[in-house]
Amino acid sequence: MASGKPTNPEIDNDMECSSPESGAEDAVESSSPAPAPSSRFKGVVPQPNGRWGAQIYEKHSRVWLGTFADEESAARAYDVAALRFRGRDAVTNYQLPLAVEGASSSSTSELAFLADHSKAEIVDMLRKHTYADELRQGLRRGHGRAQPTPAWAREFLFEKAVTPSDVGKLNRLVVPKQHAEKHFPPTTAAATGSNGKGLLLNFEDGEGKVWRFRYSYWNSSQSYVLTKGWSRFVREKGLVAGDTVTFSRSAYVMNDTEEQLFIDYKQKNKNDEAADAAKNEAGHAAVKLFGVDIGGGEMAGSSG
DNA sequence: CCCTGTGTTGAA
DNA sequence: TCAACACAGGGG
């Protein structure tokens, strides 16, 4: 009974519901070209080459939503199509009110976005894997202001627990070399414009606000660092030693020439509201819905 | 030549 | 409505 299918449509807003990690899969006999693992997700079908297809049915015929590298992506595609084709009550693989920190309105906005496009257009976006990007564009245009990129459209890169010096007077964040070299653009002379001043990187935070940091390599300490702009981020977010900053990028890269990067943070422990409030930041109300985020790990009983 | 996605069938 | 299966035909 119930062979693995997620009976619960709501799989929570977990970014990486990594399950295929089960390992110990079974030595697949090469006699069968396609093991046909049969997807755990609704609307997802295995492809001969190991990829996954997404499809939805309407009026006796199938609407193909494209092929994807992983089941999750295909499941997302199906969900979007289901929303557009069958409305908000459609049964989906994931909890559709795509949990975005900023607002309860994001899901509403997405519904509006869907309503503003024909089924064919939505299907086309899904097939071309441009839906996330188009959605963002649409939200910007319609809403008139920056909207945070939903967590599901982000790909976790790495995170770091900030040290006292990272949030101190040095006005810099040391980026672990290993991660810097793997995920950030190279700080070569060509990229930096032949001066050793590093380059400027844009990071979108959880509120959709874009931060620009100077990123460079310090020969003196053999370290990669974020400098100019960093102290402002620390100040505005109220970062303290022990907090964690998380870096991610758009999961749907159009062109590698300018990939979108994201930065978020997680407080070591939730409180300090009083302290933060005491700072009388007139800029904005403290947005503390960041607990729900990528790369985190499961939140222990958020129902509180 | 590989992969997509359509044709098709049987089950829910 | 849905997924399993087979493989034509398209695109590189």
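Order of the sequence lines fixes the chain letters, A, B, ..., with proteins taken first and strands second; residue numbering starts at 1 for each chain.
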**Q** For nucleotides 8-12 of chain C, tabulate all protein N/O to nucleotide N/O atom pairs closer than 3.5 Å, reporting atom names and distance.
**A**
none

**Q** Holding to salt bridge (Lys or Arg N to Asp or Glu O under 4.0 Å), I want the full list of residues that pass it with A:D124, two or more places apart in sequence or in another chain.
**A** A:K128

**Q** With A:K160, which residues qualify under salt bridge (Lys or Arg N to Asp or Glu O under 4.0 Å), at least two apart?
**A** A:D166

**Q** List in chain and number order the residues that pass ring pair (Phe, Tyr, Trp, His ring centres under 6.0 Å) with A:F68, two or more places apart in sequence or in another chain; answer none if no residue qualifies.
**A** A:H129

**Q** Remaining members of A:V174's ILVMFWY cluster at a side-chain heavy-atom cut-off under 4.5 Å?
**A** A:W218, A:V225

**Q** According to a strict under-4.0 Å criterion, is A:K42 in side-chain N/O contact with OP1 or OP2 of C:dA3?
**A** no

**Q** What pairs with A:K177 under salt bridge (Lys or Arg N to Asp or Glu O under 4.0 Å), at least two apart in sequence or on another chain?
**A** none

**Q** Sort and list the pairs that fulfil salt bridge (charged side-chain N to carboxylate O under 4.0 Å, His left out) and have at least one residue in residues 210-225 of chain A, not counting sequence neighbours.
**A** none

**Q** For the pair A:K266 and A:E159, find out whether any cationic side-chain nitrogen is under 4.0 Å from an anionic carboxylate oxygen.
**A** yes

**Q** Other than A:L200, which residues form its hydrophobic cluster under the rule that side-chain heavy atoms must be closer than 4.5 Å?
**A** none

**Q** Could you list all N or O pairs between the protein and nucleotides 1-6 of chain B that sit under 3.5 Å apart?
**A**
residue	atom	partner	partner atom	Å
B:dT4	OP1	A:R51	NE	2.8
B:dT4	OP1	A:T67	OG1	3.4
B:dT4	OP2	A:N49	ND2	2.8
B:dT4	O5'	A:T67	OG1	3.3
B:dG5	OP1	A:R127	NH2	3.0
B:dG5	OP2	A:W64	NE1	2.9
B:dG5	O5'	A:W64	NE1	3.3
B:dG5	N7	A:Q47	NE2	2.7

**Q** Given atom OH of A:Y57 and atom P of B:dT8, what is their separation to the nearest angstrom?
**A** 13 Å

